[in-house]
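Small disclaimer: the values here were computed from a predicted structure and weren't measured. Read the numbers this way: they start at 1 and go in the same order the structure lists the ligands and their atoms.
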Amino acid sequence: MSILVTGSIAYDTIETPFGRVKEALGGSAVYFSIAASRFTRVIPISVVGTDFRDDDRRLLEELGISLEYVKVAEGQTFRWVGRYEYDMNTAHTLDTQLNVFEKFDPGTKMDGQKYDIVFLANIDPDLQMKVLSACEGASIKACDTMDFWISSKRDSVFKVMERCDIVFMNEGELRFLTEEPNLVRAYKKLQARGVETLIVKRGEYGAICFSKEGVFFVPAFPLDTVKDPTGAGDSFAGGVLGWLDRHLDSSGAVDPVTFRQAVVMGSVVASFTVEEFSVKGLISMSDEELYRRFSLFRKMTDFEPLEKSSLRG
Ligand code: AMP
C-alpha cells in the first residue's frame, strides 16, 4: 500500500476575511500528503529550495511522509500569494513564483517500483506527464490541475487527463477547461477522451462524482468556522485516495461501496483543513472527530424511500 504524489511544496502568503499568514507551509503535494498519510504510506516527488525550513521537514517526516524523492535545489522554494473574499470558493492568485520548479526534473528513479496509486497534484502538466510515464504500473492514476496551467499548457493538461483513471477538478476550472458550462456535458467531453471517473470539487457545496456507476454527491461538512480554504481540494483528494489505497483489493480494484466511503472521507478530511490557516487544522485532526464527522455525514444525507402511492390521493 503506497501512494506516489507529485505536486508543489510551497510557502503560501494568504489573506482571507478572517486573517492573514505569510510564507506558511502549503503546496498541493503537502496538503495531499498530510491528508493521505492518515490512511497510508505517501511518497511525494517534488523540489524545495535551500530556504526550506527544518521545522517543516521535521513535521512532514514525523507524519511518516517519506522525503526521499524531495530534492533540495539551489534557489527559493515555490511561492504562492492568494486572497479570498467573503465568497471563499474562489481563490484569487496574486502571485506565483515557480522558483526551483522552473528547472525541476522529477527523473525516473521511481521507475519499475510498484505504487498502487499515483496522484498528479496541481503542478506543471509536463512534470505530471514525466511522473506518469515512470509509473505506468499503478492500479489507479489520478490527477488535478488549475487555471494557471489550463491557460498556459492546455494541450498538456488534456494529455495527462487522457491517461488517468480519476480526474479531480474544481467546478470553475472544469468549465474553463472543457468550455462547457453544464457539468454533465463537461463529464461527457472528458469521458470521450478516456476519463472514467470525474470528481468535481465545489468548495462549500461539496463534490459531485461522475463514473460508470452513475452520479454520486457528497456535501461539504457544515462548519461554523472557515478561516482559510487553501488546500481543501488537495486534502479532499488525499482523503479520497488515501482511503482507496487502504482498501484496494489484491488485484488493485475498488468496489463501489468503498469508492463512496472514500469520497465522503475526502470531504470529512477537507473540513479540518479549512478550519485553520495552512496545515494546522489538518495535522490536529483526531480519530474521534474524524469518526464523528463521518457518522454525521450519514445522518445528514440519509432519507427514507418514497411510496409511489403517497403522491396521489
Ligand atoms: P487548493 O486550494 O487545494 O486548490 O491548493 C492550494 C495550494 O496549491 C496552495 O498551497 C498553493 O501553494 C498551491 N498552488 C497554487 N498555485 C499553484 C500552481 N500554479 N502550481 C502548483 N501549485 C499551486
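Given atom 22 (N) of ligand 1, the protein heavy atom at minimum distance is Ser8 OG, 2.8 Å. For atom 21 (C) of ligand 1, the closest non-hydrogen atom of the protein is Asn122 O, 3.0 Å. In this structure, atom 10 (O) of ligand 1 lies nearest to the protein heavy atom Asp12 OD2, 2.5 Å. The protein heavy-atom contact nearest to atom 4 (O) of ligand 1 is Asp234 OD2, 4.1 Å. When only non-hydrogen protein atoms are considered, atom 8 (O) of ligand 1 lies nearest to Ser28 N, 4.0 Å.
Nearest-residue assignment for atom 20 (N) of ligand 1 (options Tyr11, Trp149, Phe148; heavy-atom criterion): Trp149.
For the pair Arg79 and Tyr11, the cation-pi test (distance below 6.0 Å, angle within 45°) is failed.
The ring of Phe259 has its center no closer than 6.0 angstrom to the ring center of Phe216.
Side-chain heavy-atom separations under 4.5 angstrom define the hydrophobic clusters, and the remaining members of the one that includes Leu306 are Leu311.
By the 4.0 Å heavy-atom criterion, Phe78 is counted among the residues contacting ligand 1.
In terms of N/O distances under 3.5 Å, ligand 1 is not approached by Thr96.
Heavy atoms of Thr230 found under 4.0 angstrom from ligand 1 belong to the backbone as well as the side chain.
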